[in-house]
Amino acid sequence: GARYEEAEQNVQTFDRFGTQGAGSALANDYVLPALTVTWNFADDLQLRAGYSETIARPQFRELARSAFFDPESERLYRGNAGLVDSTIQNFDARLEYYMGRDQFITGAVFYKRLENPIEEVQFSTSTFVFETTFINSPKAIVQGLELEYRTQFNIPGNIFFLSDRDWRFGINYTYTDSEVEAGASDLIFDPISQSLQPAATYNLDGSVLQGTPENIINVQLGWARDQDEFNLLLNWVDDRVLQRGLSQPGAELPDVMEDPGVILDATYRRDLDYIYDGLSLSINARNLLDEDHIEYQVSEGIGETQFNTYARGRSVSVSLTARF
């Protein structure tokens with residue numbers, strides 16, 4: 001099939017007195033093809049292959065040159081009126097082996113080619129205040145593989161509270177290799193000078209795409225019954241470039257790296273139909289291992305220094321839902 005999109009984005013900034021500032025306008029139309037082929041060459045085996053094209057448009061705040069403050073990350077952001085749409089070509093193939101209902105083993109490979117990917121970059125103002133803005137890198141390639149296993153089982157014997165539940169286990173691993181391509185003739189719209197600059201100025205060629213970790217592991221263990229459901233969710237993400245350092249003459253800034261750590265969450269849901277038909281209770285516990293949020297920079301002269309590290313803390317939320 002094919003999808004046709006026609007879109008227009010307009011951003012106009014102004015100060016508190018109504019004086020207009022920088023504006024931005026994007027207008028594009030795209031034909032986005034998609035193709036999927038599935039081959040069932042055995043009763044419990046199938047091969048899927050696909051190709052598609054997608055679009056990633058800049059957000060309004062990424063296009064607005066006015067500054068805004070993110071209270072969660074305590075970062076000051078300033079948009080870039082010169083951003084353009086990112087276009088993505090997606091290739092993937094997946095082999096699926098089914099062992100039963102909701103039980104399978106899959107292996108997949110993927111390849112993505114990005115034109116003008118949007119990346120977060122950090123720069124220092126004349127008053128030595130760090131701000132975050134955005135650029136379009138010329139090109140990038142993202143490729144890798146994904147492995148997933150999911151099964152169901154019962155605990156043998158007659159163990160109180162455990163044997164009468166349908167247990168399930170799942171694990172997913174993703175390996176990603178990314179690389180930015182910036183040739184000698186490529187230009188980047190610089191958010192500081194508001195002009196096109198040679199891509200070589202930013203030392204992008206061969207670097208890892210911002211926000212892309214090399215390894216990701218997700219593990220799920222829990223049970224399900226007609227009345228209740230419980231899950232332990234373990235997530236580990238490799239170190240990744242959180243913000244690219246936008247180097248200027250005399251102000252070299254290393255990339256801001258993020259170490260997400262190991263995050264363990266728990267969720268529990270129980271239907272309370274014996275009280276009211278349609279009433280349910282949910283309990284969610286987050287960050288049970290009390291992992292900190294860690295950001296750091298690495299420079300040749302100083303080594304590793306903390307940038308924006310803080311304690312996430314544990315949290316528990318309880319909700320009661322009634323359906324009428």
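What you see below is based on every heavy atom in this structure, not just the backbone, and it leaves out hydrogens, waters and symmetry mates.
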Flag side-chain contact, heavy atom, 4.5 Å: [X] against [Y]:
{"X": "N231", "Y": "R168", "answer": "yes"}
{"X": "N154", "Y": "D166", "answer": "yes"}
{"X": "R75", "Y": "N308", "answer": "yes"}
{"X": "Q89", "Y": "Y51", "answer": "yes"}
{"X": "D271", "Y": "L279", "answer": "no"}
{"X": "V142", "Y": "F110", "answer": "yes"}
{"X": "R3", "Y": "E53", "answer": "no"}
{"X": "Y202", "Y": "V121", "answer": "no"}

Strictly by modelled atom types, are [X] and [Y] linked by a side-chain donor-acceptor pair under 3.5 Å?
{"X": "R244", "Y": "S207", "answer": "yes"}
{"X": "N215", "Y": "D238", "answer": "yes"}
{"X": "E8", "Y": "N10", "answer": "yes"}

More than 12 foreign heavy atoms under 6.0 Å from CZ of F91: is that the case here? yes
Are more than 12 heavy atoms, taken from residues, nucleotides or ligands other than R65, located less than 6.0 Å from that residue's CZ atom? no
Contacts table for residues 33-46: side-chain donor-acceptor under 3.5 angstrom, sequence neighbours left out:
unit_1: N40; atom_1: ND2; unit_2: Q46; atom_2: OE1; d: 2.7
unit_1: Q46; atom_1: NE2; unit_2: E96; atom_2: OE1; d: 2.4

Ring geometry between W223 and Y268 (parallel below 30°, tilted from 30 to 60°, perpendicular above 60°): perpendicular
Side chain to side chain donor-acceptor pair (under 3.5 Å) test vs Q243 passes for just one of E295, Q122, E120, namely E120
Do [X] side-chain atoms and [Y] backbone N/O form a donor-acceptor pair below 3.5 Å?
{"X": "T151", "Y": "F169", "answer": "no"}
{"X": "D255", "Y": "M257", "answer": "no"}
{"X": "D292", "Y": "I294", "answer": "no"}
{"X": "N80", "Y": "F134", "answer": "yes"}

Could you see if W236 belongs to whatever hydrophobic cluster contains L221? Use Ile, Leu, Val, Met, Phe, Trp, Tyr and a side-chain cutoff under 4.5 Å. yes
